[in-house]
Amino acid sequence: MIERLAEIPSTNGALLARLGGGEHVQEGRWLVADRQSAGRGRAGRVWSDGFGNFMGSTVVHLRASNPLPQTLALVAGLAAHESVMALAPQLQDLRLKWPNDLLVGETKLAGILLERQGDAVVVGIGVNLVQSPDLSDRATASLAALGFTITRDAFAAELAARFRDAADRWHYGEWPLLRQQWLTRALPTGTLVSVKDRDHGVIMGAFAGIDDDGVALLRLADGAVRAIHAGDIDMVGSHASGD
Ligand code: BTN
């Protein structure tokens, strides 16, 4: 079920408040806003409001048998990628960037924010369907500017179905297959990237995929492979040699 609201501060915030108030929010339920006055991005950033864009959140309830919760971020990215490609099959070069951005080339089309409350994870997804913000620190894209007309409600229906399917598969032991599917839609291994690491500062290396727990792997200049557990990966150049 998709609940539509005209304007709220943040769909993630609203679902967290409902959960915090003791409401049982069922899996498969989405909260979608026409406008967000205080949209939240990763790492404390702001997510720009954009009428006509998709801005929505849903809930996954963690079970003892689930893979690590961090892998859910990748599953959400996969569902978002599948949804965009289903509605814009001619779109070129749509890639997942760890942990869960959607890029067209080097420009950001969509972002995903997971926020946890007890055993519930709120998954919030923002997709630039018709407009993209001008940001000083990163280039952004919208599907409309790329020539694809997709209504917010068509996207919401597609995403709700695909996320439901992916989350069910995640619950029922298919993370290894979902991981493989994520990798086929991700930046190619060998792509030169940098990451800001809390302990080591900025690290440059070649993207070397993800491990079984969804942790990003970076091949350094000396050949060592570094596991990246948190942070943002940025592309620093074009595709280098694969590995
Ligand atoms: C990112 O920084 O890339 C994550 C952006 C996530 C934005 C979405 S829009 C719907 C949901 N509600 C929010 O406040 N944020 C997420």
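From a predicted model like this one, the values you see are computed outputs, not experimental measurements. Atoms within a ligand are numbered from 1 in the order they appear, just like the ligands themselves.
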Identify, for atom 5 (C) of ligand 1, the protein heavy atom at the shortest distance, and state residue, atom and that distance.
Trp47 CE3, 3.3 Å

Among all protein non-hydrogen atoms, which one is nearest to atom 9 (S) of ligand 1, and what is the separation to 0.1 Å?
Gln36 NE2, 3.5 Å

Pairing donors with acceptors under 3.5 angstrom, does anything connect the side chains of Arg18 and Gln117?
no

Do Glu106 and Arg138 meet the salt-bridge criterion of a basic N to acidic O distance under 4.0 Å?
no

Find all atoms of ligand 1 within a distance of less than 4.0 Å from any non-hydrogen atom belonging to Asp101, and give their numbers and elements.
3 (O)

Atoms of ligand 1, numbered as shown, that sit under 4.0 Å from any heavy atom of Arg40:
5 (C), 6 (C), 7 (C), 13 (C), 14 (O), 15 (N), 16 (C)

Checking a contact table here: which protein heavy atom is nearest atom 2 (O) of ligand 1, and how many Å away?
Arg42 N, 2.7 Å

salt_bridge(Asp153, Arg4) N-O dist < 4.0 Å
yes

Which atoms from ligand 1 have a heavy atom of Gly39 less than 4.0 Å away?
14 (O)

Is there a polar contact between ligand 1 and Arg45, counting only N or O atoms under 3.5 Å apart?
no

Identify, for atom 10 (C) of ligand 1, the protein heavy atom at the shortest distance, and state residue, atom and that distance.
Thr11 OG1, 3.2 Å

Does the plane of the ring in Trp30 sit parallel, tilted or perpendicular to the ring in Phe163? Use 30° and 60° as the thresholds.
perpendicular

Using distance alone, with no hydrogens and no angle criterion, decide if Gln36 and Thr11 have a side-chain donor and acceptor under 3.5 Å apart.
yes

If we only count N/O pairs under 3.5 Å, is Lys108 in contact with ligand 1?
yes

With atoms numbered from 1 as shown, which atoms in ligand 1 lie under 4.0 angstrom from a non-hydrogen atom of Gly56?
10 (C)

So does Arg179 pair up with Asp213, basic N to acidic O under 4.0 Å?
no

Per the side-chain contact (heavy atoms from CB on, under 4.5 Å) rule, which among Val59, Leu16, Leu31 passes with Val25?
Val59

